[in-house]
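Sequential numbering from 1 along the given sequence is applied to the chain's residues.
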Amino acid sequence: MQSHTPSRTGRPRSAAADEAILEATRAALVDLGWSKLTLGDVATRAGVAKTTLYRRWAGKNELVVDAVAVLFDELELPDRGSLAADIEGVVLQFAAILDRPETKTALMAVVAESTRDAPLRERIRTSIVDRQKRLVLEGRARAERRGELPVPADPCVAAETADLIFDVAAGAVVHRTLVSAEPVDADWVRRFTALLLGGLSAASE
């Protein structure tokens, strides 16, 4: 009796292929820029069929956002013993990621494109901004456990404050790194953290 392997109707999504595609996307952006980037070029660089990309991403916008998002997913909130030290650690990580050529090119491109593309703005919000707000929530919870910050009485106010903290921190680092092209060094991070904590203390009162 001849045995055979049952046929499959679909192919499982490959994490290795995804990683290769996203890495190829970032490399192509650096080499070609936004306007010349095509999914065909990305497929060639990644060593996959073009249809593989189209099955997973609707177009260039979605692909580039995901290529940027995975870089920011590398961010971790270090436990350095105090809220100030934790903030300094994650800000330095964030600045280092922004300083990569592939991050600069990709982020500037999708932000510029999103000014005339509402669905792209929403994808940036959900794939990058909302995912990284976890760092603020983790930092606040850790500071509360240490007794550095009071537990907020109103969860709604706490959520609004977390959004504001994220906007201030991310906005300042992005502006300094990508717009002003100034270094985010240890001294700047210390001064920024002191300013941020001053505002956070006031918001907690």
What's the separation between atom [atom1] in [X] and atom [atom2] in [Y], rounded to the nearest 0.5 Å?
X      : Y      : atom1 : atom2 : result
Leu98  : Met108 : CG    : CE    : 10.5 Å
Arg134 : Leu75  : CZ    : CG    : 6.5 Å
Thr52  : Leu39  : OG1   : CG    : 11.0 Å
Glu138 : Lys133 : CD    : NZ    : 14.5 Å

Treating [X] as the side-chain partner and [Y] as the backbone partner, does any N or O pair qualify as donor plus acceptor under 3.5 Å?
X      : Y      : value
Arg45  : Val42  : no
Gln132 : Val129 : no
Thr177 : Val174 : no
Thr44  : Gly40  : yes
Glu88  : Thr193 : no
Thr25  : Ile21  : yes

### Task
May I have the step-by-step check of side chain to side chain contact (heavy atoms under 4.5 Å, CB included) for Trp188 and Val173, ending in yes or no?
CA-CA 10 Å; Trp188 184 89; Val173 180; 4.2 Å; yes
If you take all heavy atoms of [X] and [Y], which pair is closest and at what distance?
X      : Y      : answer
Arg26  : Ala67  : NH1-O, 2.9 Å
Ser114 : Leu120 : N-CD2, 3.6 Å
Ser127 : Val65  : CB-CG1, 3.9 Å
Asp86  : Arg80  : OD1-N, 2.7 Å
Leu135 : Val90  : CD1-CG2, 4.1 Å
Arg140 : Thr161 : NH1-CG2, 4.0 Å

### Message
Apply side chain to side chain contact (heavy atoms under 4.5 Å, CB included) to residues Leu37 and Val64 and explain how you reach the verdict.
### Response
CA-CA 10 Å; Leu37 176 72; Val64 173; 3.8 Å; yes
Under 4.5 Å between side-chain heavy atoms, counting indirect links through other Ile/Leu/Val/Met/Phe/Trp/Tyr residues: same cluster for [X] and [Y] or not?
X      : Y      : answer
Leu32  : Val110 : no
Val168 : Leu137 : no
Leu107 : Val30  : no

### Task
Go through the steps for Trp34 and Thr105 under the test side chain to side chain contact (heavy atoms under 4.5 Å, CB included), then give the verdict.
CA-CA 8 Å; Trp34 174 272; Thr105 305; over 6 Å; no
### Query
Restricting to pairs with a member in residues 106-121, which pass salt bridge (charged side-chain N to carboxylate O under 4.0 Å, His left out), not counting sequence neighbours?
Glu113-Arg116
I want to check something: taking the side chain as every heavy atom from C-beta on, are [X] and [Y] in contact at a cut-off of under 4.5 Å?
X      : Y      : answer
Asp66  : Arg123 : yes
Thr103 : Leu178 : no
Pro119 : Glu62  : no
Leu77  : Arg142 : yes
Leu71  : Glu74  : yes
Trp57  : Leu22  : yes

### Task
Report, as yes or no, whether the 6.0 Å neighbourhood of atom CD on Glu122 holds more than 12 heavy atoms from other residues, nucleotides or ligands.
yes
### Message
Atom CD of residue position Glu23 - does it have more than 12 heavy atoms of other residues, nucleotides or ligands inside 6.0 Å?
### Response
no
Sequence neighbours left out, cut at 3.5 Å: what donor-acceptor pairs do the side chains of residues 147-154 make with other protein atoms?
{"residue": "Glu148", "atom": "OE1", "partner": "Leu83", "partner atom": "N", "Å": "3.2"}
{"residue": "Glu148", "atom": "OE1", "partner": "Arg146", "partner atom": "NH1", "Å": "3.2"}
{"residue": "Glu148", "atom": "OE2", "partner": "Leu83", "partner atom": "N", "Å": "2.9"}
{"residue": "Asp154", "atom": "OD1", "partner": "Cys156", "partner atom": "N", "Å": "2.9"}

### Task
Before giving the answer on side chain to side chain contact (heavy atoms under 4.5 Å, CB included), spell out for Arg56 and Asp18 the whole-Å C-alpha distance, their side-chain angles and the decisive distance to 0.1 Å.
CA-CA 9 Å; Arg56 301 177 187 192; Asp18 282 358; 2.4 Å; yes
### Task
May I have all residue pairs that pass ring-ring contact (aromatic ring centres under 6.0 Å, His included) and include part of residues 87-126, sequence neighbours excluded?
Phe72-Phe94
